[in-house]
Amino acid sequence: MRLVLLGAPGSGKGTQAARLKEYLQVPHISTGDLLRAEVAAGTPLGRQAGEVMARGDLVSDEILLGMLKDRLSREDARNGFILDGYPRNLAQAAALDALLQELGQSFDFAVQLAVDNEQIIARLAERAKIEGRADDTPESVRHRLKVYDEKTAPVIDYYRQRGRLAVVDGVGSLDEVFTRIVEAIQSGHEVG
């Protein structure tokens, strides 16, 4: 199973990806984690990314795609993966399709965790209190949600138009949401 997890910050992607990893027995590939690991390992792409990040700039799609190509070429990802944090825009979605074709891998679904923005703001405010995170203020969360909506809405439409989008209600207990995701990817359709 080759999945892309889509959802706004605070929608539960990371939590559900960890559960899906165990259930599907495929790696959870977070582009943020991948980027940090490559930089820490000092790989050629990691060094390039580190220089970009040190300037305070965003890492280019080309560098990220190179890291993804290496990661998806590894033995543990040959039977599938859960991709979290990529693609974030239409160019990345098209690049991922081309990469998978180049690697001779098929794509199964993009799973969108649908959670109302006000619920996300409340979730992240609670997380901020528990974890002491300064980046989860209601104002910063609203800004991140606005950016997410602007950049990712076209990606959601991209997968919907290709018949590869499963929309899952992301509100409920961890078990309820997980069950909805599993039902959606098994049946290949929207589960509320």
Side-chain angles (χ1 to χ4, degrees), residues 1-22 24 26-103 105-113 115 120 124 127 133 135-136 140-141 143-145 147-156 158-159 164-166 170 181 185:
M1 183 71 60
R2 290 172 186 85
L3 299 175
V4 167
L5 279 182
L6 299 171
S11 63
K13 290 186 311 293
T15 301
Q16 293 300 334
R19 298 182 84 179
L20 283 167
K21 172 185 175 178
E22 295 304 314
L24 298 171
V26 296
H28 167 214
I29 302 169
S30 159
T31 51
D33 292 346
L34 183 61
L35 190 60
R36 287 183 286 279
E38 292 280 331
V39 170
T43 66
L45 285 172
R47 287 192 299 275
Q48 282 182 326
E51 291 170 11
V52 170
M53 291 163 50
R55 293 193 306 264
D57 294 330
L58 291 175
V59 175
S60 72
D61 286 354
E62 182 181 339
I63 292 173
L64 270 178
L65 193 63
M67 289 179 182
L68 269 178
K69 181 178 183 178
D70 177 63
R71 182 63 186 93
L72 297 179
S73 297
R74 295 184 196 160
E75 187 62 35
D76 70 335
R78 291 194 196 274
N79 292 324
F81 55 81
I82 301 158
L83 195 55
D84 175 6
Y86 190 96
R88 291 183 188 257
N89 58 49
L90 282 176
Q92 289 179 352
L96 177 61
D97 281 351
L99 173 60
L100 290 174
Q101 188 169 25
E102 178 186 333
L103 296 174
Q105 297 184 14
S106 60
F107 177 77
D108 293 300
F109 291 104
V111 176
Q112 177 193 9
L113 290 178
V115 180
I120 287 175
L124 294 183
R127 182 174 82 178
R133 291 180 57 152
D135 64 332
D136 284 342
S140 86
V141 171
H143 176 72
R144 288 176 11 227
L145 290 171
V147 170
Y148 173 82
D149 288 341
E150 289 169 359
K151 299 285 185 191
T152 309
V155 174
I156 291 165
Y158 178 88
Y159 288 118
R164 295 287 182 208
L165 180 69
I181 294 170
I185 61 179

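Between V155 and L6, some side-chain heavy-atom pair lies under the 4.5 Å cut-off. A heavy-atom distance below 4.5 Å is not found between the side chains of L100 and S106. L165 has its side chain out of reach of V111: every pair of non-hydrogen atoms, C-beta onward, lies at least 4.5 Å apart. Contact check for V4 versus I82: no side-chain heavy atoms found under the 4.5 Å cut-off.
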> Do I181 and L113 pass the side chain to side chain contact (heavy atoms under 4.5 Å, CB included) test, and can you show the C-alpha distance, the side-chain angles, and the key distance before you say yes or no?
Replying inline: CA-CA 9 Å; I181 294 170; L113 290 178; 3.7 Å; yes
>> Before you tell me yes or no, could you show the steps for Y159 and F107 under ring-ring contact (aromatic ring centres under 6.0 Å, His included), namely the whole-Å CA-CA distance, both residues' side-chain angles and the distance that decides it to 0.1 Å?
In response: CA-CA 11 Å; Y159 288 118; F107 177 77; 5.2 Å; yes
> Are R71 and D76 close enough, and set up right, to give a salt bridge (Lys or Arg N to Asp or Glu O under 4.0 Å), and what steps lead you there?
Replying inline: CA-CA 9 Å; R71 182 63 186 93; D76 70 335; 2.7 Å; yes
> After noting the C-alpha distance and the side-chain angles of L83 and L3, does the key distance pass the side chain to side chain contact (heavy atoms under 4.5 Å, CB included) rule?
Replying inline: CA-CA 6 Å; L83 195 55; L3 299 175; over 6 Å; no
>> Evaluate E38 against L35 for side chain to side chain contact (heavy atoms under 4.5 Å, CB included), listing each step before the verdict.
In response: CA-CA 5 Å; E38 292 280 331; L35 190 60; 5.8 Å; no
>> What verdict does the side chain to side chain contact (heavy atoms under 4.5 Å, CB included) test give for K151 and R88, after you've listed the backbone C-alpha separation in whole Å, the side-chain angles of each residue and the deciding distance to 0.1 Å?
In response: CA-CA 6 Å; K151 299 285 185 191; R88 291 183 188 257; 5.6 Å; no
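Ionic pairing of E102 and K69 is present here: one or more N-O contacts between side-chain nitrogen and carboxylate oxygen are shorter than 4.0 angstrom. Ion pairing of K21 with D84 is absent here, as no side-chain N (NZ or NE/NH1/NH2) approaches a carboxylate O to less than 4.0 Å.
To the nearest 0.5 Å, atom CD of residue E150 and atom CG of residue L145 are 11.0 Å apart. The distance from atom OH of Y86 to atom CG of L5, rounded to the nearest 0.5 Å, is 15.5 Å. Rounded to the nearest 0.5 angstrom, D97 CG and R164 CZ are separated by 10.0 Å. If you take CG on L24 and CZ on R2, they are separated by 11.5 Å, rounding to the nearest 0.5 Å. With rounding to the nearest 0.5 Å, the separation of CZ in F81 from CD in Q105 is 6.0 Å. Residue L72 holds its CG atom at 10.5 Å from CZ of R78, rounded to the nearest 0.5 Å.
Contact detail for G66 and L45: the closest heavy-atom pair is C-CD1, 3.4 Å. Across all their heavy atoms, I120 and A8 have their closest contact at CD1-CB, 3.5 Å. The minimum heavy-atom distance linking G46 with V39 is given by the pair O-CG2, 3.4 Å.
The local environment of CZ in R144 is crowded, with over 12 non-hydrogen atoms from other residues, nucleotides or ligands closer than 6.0 Å. Counted within 6.0 Å of CG on N79, heavy atoms from surrounding residues, nucleotides or ligands total 12 or fewer; the atom is thus considered open.
A distance-only check finds a donor-acceptor pair linking the side chain of S60 to the backbone of I63 [under 3.5 Å]. Side chain of S11 to main chain of V115: no donor-acceptor pair is present (N/O by atom type, distance under 3.5 Å, no hydrogens or angles). Y148 places a side-chain N or O within 3.5 Å of a backbone atom of G7 that can act as its donor or acceptor partner.
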